[in-house]
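All ligand and atom numbering here is 1-based and tracks the order in the structure.
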Amino acid sequence: MTHFARRAALAAVVLAGLAGLTGAASAQTKTLDTVKQRGQLVCGVNVGLPGFGAADDKGVWSGLDVDYCKAIAAAVLGDAGKVRYVPTTTKERFTALQSGEIDVLNRNTTWTISRDSSLGLSFAGVNYYDGQGFMVKKAAGVKSGKELGGATICVQTGTTTELNLADFFRINNLQYKPLVFEKMDEALRAYQANRCDAFTTDASQLYAVRLLTSNPDEHIVLPDIISKEPLGPAVRQGDSQWFTIVRWVHFALLNAEELNVTQANVDEMLNSTHPDVKRLLGKEGDFGKGLGLDNDWAYRAVKQVGNYGEVFERNVGSGSRLKIDRGLNGLWTKGGLQYAPPIR
Ligand SMILES: N[C@@H](CCC(=O)N[C@@H](CS)C(=O)NCC(=O)O)C(=O)O
């Protein structure tokens, strides 16, 4: 062996050792094990956005994103109640996840390439297809976003909203003045105090925010949707088992709706002879194993939280104050975009 060949061989051994070490280190910090040992899921949510994530005066959390925390806890720990909710602002949310303070971020967060790559996050799916809109005072008589030339617009920092706003006005060759806030309630207060002419955020949130104003009837949401905001749960990169669990809890809720498995009938459905239902509920196959869970993981999520349609209607749809239509969030079988790969 020449000197150079020996050096190359030595370097290969050192590299393999390092790879082994980092592999071992990451195996030790598997999120699933941490969550199980702790006996609690730590879930990053909004500081207070009705319909998505908000606590009531007794500190009880609810919302579509909150139900996703519960469904994950039910699947992983057997109990939807074993969740500690960590309210995060737009700015804090990503560091909370990167630093390991939270196990999963369920907080009306848009899946974008930079968040999915440079920020070290992985989005597990889309639990709400959204798009950005504007709210204005009815009295202003504005009917479309394109009439907002010269307007002052209240917007929250650290969001895709801020970036889309700039694009929209640039594309339409219009001037505007952004009034930027760190917190939503500050932005809303400024809007209500007439410091800005319009308030902009994801359309779903505009419905919620409008209800937070002192007189909702004085405000309208304009018809313009100026961006794509696919919102969904995010995890840290590098823990593929945890990523797969979070992703398949979402798919299980969707598959349950597609198969008409509901919170109310899930026990009866355990006797179903439909092969898809049997696989979903762990009566056939061994699909929990690959996730590091038992085979009742999806049963527990549906039993304790309901299927996707139930979660949607309860929090943001017909059973809520927001009354948002299923629209893009309908199942693919009903003209919507929600589609889950099969359990098999
Ligand atoms: N989906 C957008 C916007 C999400 C967002 O944080 N929206 C604000 C505006 S309503 C919010 O939830 N604020 C709550 C708060 O920080 O008080 C994103 O991921 O950047």
Side-chain angles (χ1 to χ4, degrees), residues 43-56 61-66 68-69 85-98 102 104-136 153-168 178-192 196 198-213 216 219 221-222 225-235 315-316 321-322 324 328-329:
C43 205
V45 290
N46 202 301
V47 286
L49 185 65
F52 285 84
D56 66 13
W61 286 88
S62 65
L64 180 117
D65 285 331
V66 166
Y68 268 70
C69 303
Y85 296 97
V86 176
T88 59
T89 65
T90 43
K91 253 175 100 179
E92 295 159 353
R93 57 185 161 171
F94 302 124
T95 23
L97 192 54
Q98 287 155 345
I102 57 176
V104 58
L105 180 70
N106 281 320
R107 189 208 176 280
N108 56 297
T109 293
T110 306
W111 182 352
T112 68
I113 189 170
S114 49
R115 292 171 178 180
D116 213 19
S117 54
S118 344
L119 278 192
L121 316 180
S122 290
F123 283 81
V126 179
N127 68 359
Y128 191 103
Y129 287 94
D130 211 337
Q132 184 174 334
F134 297 100
M135 176 171 74
V136 294
I153 311 221
C154 280
V155 61
Q156 210 172 328
T157 187
T159 56
T160 47
T161 321
E162 198 182 354
L163 310 173
N164 299 327
L165 185 64
D167 286 353
F168 176 77
L179 208 52
V180 183
F181 295 89
E182 239 179 63
K183 298 213 166 94
M184 184 191 69
D185 52 355
E186 294 167 0
L188 188 59
R189 234 177 293 137
Y191 165 78
Q192 292 208 84
C196 41
F199 180 99
T200 184
T201 185
D202 298 340
S204 65
Q205 295 163 45
L206 287 179
Y207 293 94
V209 165
R210 187 174 158 268
L211 293 178
L212 296 175
T213 61
H219 309 277
V221 175
L222 296 178
I225 296 292
I226 67 164
S227 70
K228 290 188 286 190
E229 307 293 327
L231 313 178
V235 294
N315 293 300
V316 297
R321 285 180 68 205
L322 304 189
I324 302 177
L328 293 179
N329 292 296

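- Residue T161 has no nitrogen or oxygen atom sitting less than 3.5 Å from a nitrogen or oxygen atom of ligand 1, judged on distance alone.
- Residue contact check: R115 has heavy atoms under 4.0 Å from atoms 18 (C), 19 (O), 20 (O) of ligand 1.
- Taking a cut-off of under 4.0 Å to the non-hydrogen atoms of T201, the atoms of ligand 1 that pass are 7 (N), 9 (C), 10 (S).
- Residue-to-ligand polar distances keep D185 apart from ligand 1: every N/O pair is separated by 3.5 Å or more.
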**Study point:** side chain to side chain contact (heavy atoms under 4.5 Å, CB included) assessment of N46 paired with M184
**Key:** CA-CA 11 Å; N46 202 301; M184 184 191 69; over 6 Å; no
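- Every atom of ligand 1 is numbered from 1 in the order shown, and the set under 4.0 Å from a heavy atom of T110 is 1 (N), 2 (C), 18 (C), 19 (O).
- Between Y191 and F199, the ring planes lie perpendicular to each other; the angle is over 60°, past the 30° to 60° tilted range.
- Interface atoms of ligand 1 facing R107, defined by a heavy-atom separation under 4.0 Å, are 5 (C), 6 (O), 11 (C), 12 (O), 13 (N), 14 (C), 15 (C), 16 (O).
- In this structure, a donor-acceptor pair under 3.5 Å is absent between the side chains of Q156 and T201.
- The closest approach between a heavy atom of Q132 and any atom of ligand 1 is not below 4.0 Å.
- Partner of E229 under the side chain to side chain donor-acceptor pair (under 3.5 Å) criterion, out of T109, T159, N164: N164 alone.
- Judged as a side chain to side chain contact (heavy atoms under 4.5 Å, CB included), and not counting sequence neighbours, the contacts of S118 are S114.
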Exercise for review: Determine, step by step, whether T200 and Q132 satisfy the side chain to side chain donor-acceptor pair (under 3.5 Å) criterion, reporting the C-alpha distance in whole Å, the side-chain angles of both residues, the deciding distance to 0.1 Å, and the verdict.
Suggested key: CA-CA 7 Å; T200 184; Q132 184 174 334; 2.9 Å; yes
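- Taking any N or O of N46, backbone or side chain, at least one lies under 3.5 Å from an N or O belonging to ligand 1.
- Residue-to-ligand polar distances place R93 within reach of ligand 1: an N/O pair is separated by less than 3.5 Å.
- Scanning for ring-ring contact (aromatic ring centres under 6.0 Å, His included) contacts around F52 gives Y128, with sequence neighbours left out.
- For atom 9 (C) of ligand 1, the closest heavy atom belonging to the protein is Q156 OE1, 3.0 Å.
- Scanning the protein for heavy atoms near atom 5 (C) of ligand 1, the closest one is N108 ND2, 3.3 Å.
- Looking only at heavy atoms of the protein, atom 10 (S) of ligand 1 is closest to Q205 OE1, 2.7 Å.
- Here the OG1 atom belonging to T89 is positioned 7.0 Å from the NZ atom belonging to K183, to the nearest 0.5 angstrom.
- With respect to atom 6 (O) of ligand 1, the closest heavy atom belonging to the protein is T90 CG2, 2.7 Å.
- Listed by atom number, the atoms of ligand 1 under 4.0 Å from L231 heavy atoms are 1 (N).
- Between K183 and ligand 1, no pair of N/O atoms sits closer than 3.5 Å.
- When only interatomic distances are considered, the shortest N/O to N/O separation between T109 and ligand 1 does not fall below 3.5 Å.
- Taking every non-hydrogen atom of V47 and a distance limit under 4.0 Å, the qualifying atoms of ligand 1 come out as 15 (C), 16 (O), 17 (O).
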